[in-house]
Amino acid sequence: MKKVYINSVCAITPQKTFDNTQFLEELIEYDANVINVVNPVYKDFIPPAAARRMAKGIKMGVVASKLALKESGLENVDAIITGTGMGCVRDSEKFVSAIIDNDEQFLTPTAFIQSTHNTVGGQIALELGCKGYNFTYVHSGISFESALLDAKMQLELDEAKAILVGGVDELGDHTVAIHKLVNHIKSENINSNALLESKTQGCVFGEGAGFFVLKNEKQESSYAEVVALNTYNTLDEESVNEEAIRFLEENNIEASSIDAIILGNNGDVNFDGYYNKLTSKTFKDIQQIYYKHISGEFNTASSFGLWLGARIIKSQILPEAVKLNITETSKFKTILLYNQYRGKNHSFTILKQC
Amino acid sequence: MDALKLELKENIIEQLNLEDMTADDIANDDILFGDGLGLDSIDALELIVMLDKNYGIKLADPKEGRAIFESIDTMAAYIAENRSK
């Protein structure tokens, strides 16, 4: 089987991350319970005629994919695989609201046709003229990992040479309102730097897009190798530490040889216990990294985690803002990523220097 | 009639999400589809619904749309003659 390499990365998040010449040097500090992305100038990347029908999530996905492709030096790819937990919620909200407001009359097509979950993947393919495999995974907190796993398997089996894989989720007003009602979003504003001390239920919602070009050939500019990836629909809090060890052993890696662990803590007092099991046991003395205090939580936020891991391995720089503990670690060769959302849909990913 | 034309331009800009355009950018005799403003068949559906919703005009024959939607002038003339609200 061939190895799988991350050859380019792009993340659009509530921080200015889409510009890869910077690495979390200037951070925006939020005091909120919902945070939106820092928008690139979409007009620089998408023709106005095409952009006018695109909601924000589609624009984020298209621009992130274009930037990732540009960095990879490729003009096109063999496949486009997208993950999204919520899909194009803005257009969904728009056409469903129109149905209600207009008593099922006067319905227009644009919002409906752009509301499907696979719109982002479709628009990327149209922009690139890519007629290859195009698939969208919708699986809550492991939507992105499902896309990544598909890409990894295809590249390992040499069924494709280069794949654009990404995760994207946007915020919509109604979606935010109903998540506030059920306390999935914190009722109080939280300062970015105090997220994990909040000790209240719910999290700070965010949005974003993370796209990567994966290839089964290493190149000079490769960021990291994607060694292994596993997803779990359910995982007991008491067994998460054992599962992490088992997963590493399965891939012939000892827990002690991990240089850092990137965790998806989102400050929800009901579910951060999963992460605490890891940080208080096997990975207690290992460099711990977190990121949702600067990106917010969204179903594909783990794509930002992968972006972070890949950039740390390539640059060997660990930005101060994402350190969860203080260690002497200065070399980052192997990084383990763990993420879950509301105690379900867990994922472990191993990245290795290449 | 001028008020109706201005209203139409504003509605078209909003409904069709013509970012960065203002009513002043659309001349009354500008061709709306094809090489003119660049509207397409999906926009035509949006305009048909807009006629029904805002002016109570139902276009029974979609082929009629070609002449009606040629420009703001032609749209305004048709609406003035056929509107029920």
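To find a chain, count down the sequence lines: A is the first, B the second, and so on, and within it residues start at 1.
Atom CG in L45(B) sits 12.0 Å away from atom CG in L107(A) (nearest 0.5 Å).
Both the backbone and the side chain of P109(A) come within less than 4.5 Å of a heavy atom in chain B. When heavy atoms are compared at a cutoff of 4.5 Å, I48(B) does not approach chain A at all.
The environment of CZ in F23(A) is crowded: more than 12 heavy-atom neighbours from other residues, nucleotides or ligands sit within 6.0 Å. Surrounding CG of D19(A) are more than 12 heavy atoms belonging to other residues, nucleotides or ligands, all under 6.0 Å away.
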Are there donor-acceptor pairs under 3.5 Å across chain A and chain B? List atom names and distances.
from, atom 1, to, atom 2, distance (Å)
K43(A), NZ, D20(B), OD2, 3.0
R52(A), O, N17(B), ND2, 2.6
R52(A), NH1, L16(B), O, 2.9
R52(A), NH1, D43(B), OD1, 3.2
R52(A), NH2, D43(B), OD1, 3.4
R52(A), NH2, D43(B), OD2, 2.5
R53(A), NH1, D40(B), OD2, 3.1
R53(A), NH2, D40(B), OD1, 2.5
R53(A), NH2, D40(B), OD2, 3.2
R53(A), NH2, D43(B), OD1, 2.9
R53(A), NH2, D43(B), OD2, 3.1
K59(A), NZ, E19(B), OE2, 3.2
T108(A), OG1, E46(B), OE1, 3.3
T110(A), N, E46(B), OE2, 3.2
T110(A), OG1, E46(B), OE2, 2.4

